[in-house]
Amino acid sequence: MNAPRSTDPAVPSPPDPFFTVGARLDNGLGRTGTIHTPHGDIRTPAFVGVGTKATVKAVLPEAMKDLGAQALLANAYHLYLQPGPDIVDEAGGLGKFMNWDGPTFTDSGGFQVMSLGVGFKKVLAMEAVGVRSDDVIAKGKERLAHVDDDGVTFKSHLDGSRHRFTPEVSMQIQHQLGADIMFAFDELTTLMNTRRYQEESLARTQAWAVRCITEHEKLTAERAHRPYQALFGVVQGAQYEDLRRQACRGLESIVGESGRGFDGYGIGGALEKQNLGTIVRWCTEELPAHKPRHMLGISEPDDMFVAIEHGADTFDCVNPSRVARNAAIYHPDGRFNINTSRFRRDFTPIDENCDCYTCANYTRAYIHHLFKAKEMLASTLCTIHNERFTVRLVDEIRASIEGGYFAEHKADTLGRFYSGAARP
């Protein structure tokens, strides 16, 4: 059942419907669909490329369009610090600022406040090995972020200046950035946190979600000159089934004065890789089927198959571009490093069956040379290929759901990628 729409014609409203469901897997969880945004449709499942600072590192936005990316995600924390959301707003919003005319996402900044604030920089472990502690911090790092019930106070990782994020501030920043889809401000915990802290954090995130809805509706009315921005709630709860289900039910129950709740949901937090599918299933069994579900921060082939199979519609990750800058290449027969000596005289493409610009025009030997010579073009060419590999992989998964051969496609693709029997 669709949520009620605002009766005030001056207040922007989401497309009706915002999300339509297509084909379904036999398990009733995995599906295809379409998200309708002011800047175009997103056919799901879809991989959303990450342009953290309003750019996918090393490539042009036009290149992302050419390789088939449907949407891009930028980071509210980083754009708040530099250049500032007011500048992006003055430019006409994120899409215009970065010359991308397709759909855009922004995250709330919560992940970066926590991960950078405790010294982890990029990645939190996807396993719960080690002692439980509610004062998790990377070795040798200073804690730069401090959480209280009202918000988070943190020091900039750029210059050490002090800042304060609250749900209201996150909404204000994201409205200025102007993405089609944005996320509620949440507290990210790690698998190292105790059960008691996870419970406290979940209650805090729930309270923040209520405040996000209130501020979102206020800003939507004030900024009627801008298209409607969809707001997704974020499900936390770590590895605990009861907390995940409680979080889903709690978010679904939140309704603003307009009569609308969240437009969709993000499944966030640190996850145990081996339990990824189970955790996604807990959430999709609770969340409303007529709203999209975004998986925050995955891109490895096995993770994508598992998440899609259990009900994720979209997901984002920096990994394709990050590993590309370190000479790691995705290939149907597995991942390999192109800067090793065996590619020095290899005058074949990275993948003869890949249709990306890099594979159509350059050889492994040339790209190997670029890395050895420390030329910036190396990162560009490898990022183009890795992003295309990832986008195409998800496109093929979507086609397999529509065609009724998902299980066979999953077995063949993952069997080849992870077998280790044939390396390029």
Side-chain angles (χ1 to χ4, degrees), residues 19-35 40-50 64-65 67-73 102-103 105 181 264-267 271 273-281 283-284 287 289 291-321 323 329-335 351 353-356 359 384-419:
F19 178 65
T20 52
V21 178
R24 293 182 181 273
L25 291 177
D26 290 342
N27 66 3
L29 299 174
R31 74 264 184 97
T32 66
T34 305
I35 300 173
D41 289 349
I42 303 170
R43 295 182 61 208
T44 66
F47 174 73
V48 180
V50 177
M64 294 300 295
K65 182 175 291 292
L67 58 81
Q70 298 186 68
L72 298 180
L73 178 145
F105 291 61
I181 296 172
Y265 302 91
I267 302 173
L271 304 171
K273 184 180 176 73
Q274 66 269 29
N275 291 328
L276 174 64
T278 300
I279 293 171
V280 175
R281 175 176 59 79
C283 297
T284 56
L287 295 171
K291 294 185 179 183
R293 311 145 183 160
H294 182 87
M295 191 78 209
L296 291 150
I298 64 166
S299 70
E300 289 301 303
D302 57 338
D303 293 336
M304 290 192 293
F305 270 99
V306 168
I308 291 169
E309 184 175 6
H310 291 88
D313 299 303
T314 55
F315 32 88
D316 70 274
C317 193
V318 299
N319 219 45
S321 60
V323 302
I329 300 296
Y330 285 109
H331 185 280
D333 291 321
R335 207 170 93 176
D351 178 5
N353 296 315
C354 178
D355 58 2
C356 80
C359 289
I384 288 172
H385 171 77
N386 280 359
E387 294 283 352
R388 176 56 185 155
F389 175 92
T390 307
V391 166
R392 186 171 65 171
L393 179 64
V394 179
D395 288 348
E396 291 171 349
I397 294 174
R398 184 172 62 248
S400 75
I401 298 174
E402 293 172 341
Y405 56 92
F406 173 83
E408 297 86 349
H409 180 61
K410 175 185 175 184
D412 291 345
T413 302
L414 297 184
R416 181 179 176 185
F417 189 86
Y418 292 105
S419 68

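The figures that follow rest on heavy atoms only: side chains count, while hydrogens, waters and symmetry mates do not. It should be emphasised that the depicted structure is a prediction, and the values quoted were computed from it without experimental measurement.
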A side-chain contact here means heavy atoms from C-beta on lying under 4.5 Å apart; do Val50 and Leu72 qualify?
no
What I'd like to find out is whether the side chain of Phe305 reaches to under 4.5 Å of the side chain of Leu414, using heavy atoms alone.
yes
Can you check whether Phe315 reaches Ile308 side chain to side chain, under 4.5 Å on heavy atoms?
yes
Do Met304 and Thr390 have side chains that get closer than 4.5 Å, going by heavy atoms?
yes
Under 4.5 Å between any side-chain heavy atoms of Glu387 and Phe47, yes or no?
yes
Return the set of residues passing salt bridge (charged side-chain N to carboxylate O under 4.0 Å, His left out) with Arg43 (not counting sequence neighbours), or none when no residue passes.
Glu402
Is the shortest side-chain heavy-atom distance between Asp333 and Arg416 below 4.5 Å?
yes
Among residues at least two apart in sequence or on other chains, which ones pass ring pair (Phe, Tyr, Trp, His ring centres under 6.0 Å) with Phe105?
His294
Hey, are the side chains of Pro301 and Thr413 touching, using non-hydrogen atoms and a 4.5 Å cut-off?
no
Name all residues meeting the side-chain contact (heavy atoms from CB on, under 4.5 Å) criterion together with Asn319; count only those two or more places apart in sequence or in a different chain, and write none if there are none.
Ser299, Glu300, Cys317, Arg322, Val323, Tyr330, Arg335
Please tell me if the side chains of Lys410 and Asp302 come closer than 4.5 Å, counting only heavy atoms from C-beta onward.
no
If the condition is side-chain contact (heavy atoms from CB on, under 4.5 Å), which residues does Thr44 pass it with, not counting sequence neighbours?
Phe19, Ile35, Ile42, Asp313, Thr314
Using atom types as modelled and distance alone, determine if a side-chain donor or acceptor of Asp395 lies under 3.5 Å from a backbone N or O of Arg398.
no
Please identify each residue that fulfils side-chain contact (heavy atoms from CB on, under 4.5 Å) with Glu396, with sequence neighbours left out.
Arg392, His409
Just by modelled atom types, is the Leu67 backbone N or O under 3.5 Å from a matching donor or acceptor in the Arg388 side chain?
yes
Any donor-acceptor pair under 3.5 Å linking the side chain of Arg293 with the backbone of Tyr265?
no
Who are the side-chain contact (heavy atoms from CB on, under 4.5 Å) partners of Ala407, not counting sequence neighbours?
none
Can you tell me if Arg31 uses its side chain to pair, donor with acceptor, with the backbone of Ala289 under 3.5 Å?
yes
